[in-house]
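By convention in this document, chain letters (A, B, ...) are assigned in the order of the sequence lines, proteins followed by strands, and residues within each chain are numbered from 1. Hydrogens, waters and symmetry mates play no part in the numbers below; they use all other heavy atoms, side chains included.
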Amino acid sequence: GAVVSQHPSRVICKSGTSVKIECRSLDFQATTMFWYRQFPKKSLMLMATSNEGSKATYEQGVEKDKFLINHASLTLSTLTVTSAHPEDSSFYICSARDQSRGAGATGELFFGEGSRLTVL
Amino acid sequence: AQSVAQPEDQVNVAEGNPLTVKCTYSVSGNPYLFWYVQYPNRGLQFLLKYITGDNLVKGSYGFEAEFNKSQTSFHLKKPSALVSDSALYFCAVRDIRNNRLAFGKGNQVVVIP
């Protein structure tokens with residue numbers, strides 16, 4: 001299947017600092033990527049849809065100024081957690097759709113390995 | 001609304017026994033259904049999908065799922081569970097309105113040696 005790389009896998013930062021997480025599609029181009037947050041009780045929460053060359057679409061309740069998303073190329077989307085606080089500690093996962101495989105029609109997603117953010 | 005339900009929080013099964021993880025769906029139109037597996041501190045891995053065709057879909061790691069239109073179900077199955085199958089399993093359905101995937105809450109599977 002298509003490969004999505006996410007970096008870093010783990011990051012620890014001090015409260016008030018900003019953290020950037022990268023999501024790359026390694027062997028395909030992704031006009032659309034998705035960012036999820038996973039809470040301790042397993043559920044996945046879709047945070048935003050990242051669109052190449054345009055503004056991200058945020059889900060209701062997600063602060064766009066807090067979670068900055070940039071999708072500058074067809075293979076890279078970044079999520080920046082600005083002025084991080086302990087409550088932002090979580091597991092963040094990105095995913096992408098490979099349009100060339102027909103996944104665009106079926107909706108199939110390929111996921112990165114996730115990034116564990118711990119804010120002290 | 002397009003949605004899936006995974007009624008059980010956790011499924012415990014003895015190694016070597018059959019494993020079933022339940023999923024029911026609610027969609028308008030034809031369902032595109034998916035199963036993903038997540039190992040600890042990892043992203044989700046694709047297991048299998050149903051788009052059209054045979055109701056029995058075979059996927060990775062010996063898993064299969066049966067699409068049942070009358071019962072609106074898409075249960076994941078494996079004939080003989082391994083300890084390494086212990087993980088979190090997500091069922092998902094394509095939301096036709098925006099082509100996104102709507103995920104279930106996830107099922108923790110514990111395979112007991």
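For the disulfide bond (SG atoms under 2.5 Å apart) condition, no pair includes a residue of residues 36-78 of chain B, sequence neighbours left out.
Under the 4.5 Å side-chain contact rule for hydrophobic residues, Met33(A) and Leu46(A) do not share a cluster. Linking Ile, Leu, Val, Met, Phe, Trp and Tyr whenever their side-chain heavy atoms come within less than 4.5 Å leaves Leu76(A) and Ile69(A) in two separate clusters. Residue Tyr25(B) is grouped with residue Tyr50(B) when hydrophobic side chains (ILVMFWY) are merged at heavy-atom distances under 4.5 angstrom, including chains of intermediate members. Residues Val37(B) and Leu44(B) do not share a hydrophobic cluster, defined by chaining ILVMFWY side chains whose heavy atoms lie under 4.5 Å apart. Hydrophobic clustering, with ILVMFWY side chains joined whenever heavy atoms are under 4.5 angstrom apart, groups Ile21(A) together with Met47(A).
Summarising the geometry of Arg42(B) relative to Phe91(A), their closest heavy-atom pair is O-CE2, 3.4 Å, with the distance given to 0.1 Å.
At a 4.5 Å heavy-atom cutoff, Gln45(B) makes no contact with chain A through either its backbone or its side chain. Residue contact with chain B, scored on non-hydrogen atoms closer than 4.5 Å, involves the side chain of Gln38(A) exclusively. Contact of Tyr36(B) with chain A is made through the side chain alone, with heavy-atom distances under 4.5 Å. Residue contact with chain B, scored on non-hydrogen atoms closer than 4.5 Å, is absent for Ser115(A).
Relative ring orientation between Phe103(B) and Tyr36(A) is described as perpendicular, the plane-to-plane angle rising above 60° on a 0-90° scale split at 30° and 60°.
Gln38(B) has its side chain within reach of Ile93(A): a pair of non-hydrogen atoms, C-beta onward, lies under 4.5 Å apart. With contacts defined as side-chain heavy-atom distances shorter than 4.5 Å, the pair Leu44(A)/Lys105(B) does not qualify. In this structure the side chain of Arg10(A) reaches within 4.5 angstrom of the side chain of Asn41(B), judged on heavy atoms.
Heavy-atom pairs under 4.5 Å with chain B were tallied for Arg116(A), Gln6(A), Glu113(A); the largest tally goes to Glu113(A).
Heavy-atom neighbours of Lys64(A) NZ from other residues, nucleotides or ligands within 6.0 Å: at or below the threshold of 12. Residue Asn30(B) places its CG atom among 12 or fewer non-hydrogen atoms of other residues, nucleotides or ligands, all under 6.0 Å distant.
Annotation: residues 62-93 of chain B contacts chain A through Leu88(B), Phe90(B) [non-hydrogen atoms, separation under 4.5 Å].
In this structure, CD in Glu108(A) is found 5.5 Å from CZ in Phe34(B), a value given to the nearest 0.5 Å.
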Problem - Candidate pair Leu109(A) and Arg100(B), rule side chain to side chain contact (heavy atoms under 4.5 Å, CB included), full reasoning - result: CA-CA 9 Å; Leu109(A) 294 177; Arg100(B) 296 178 188 173; over 6 Å; no
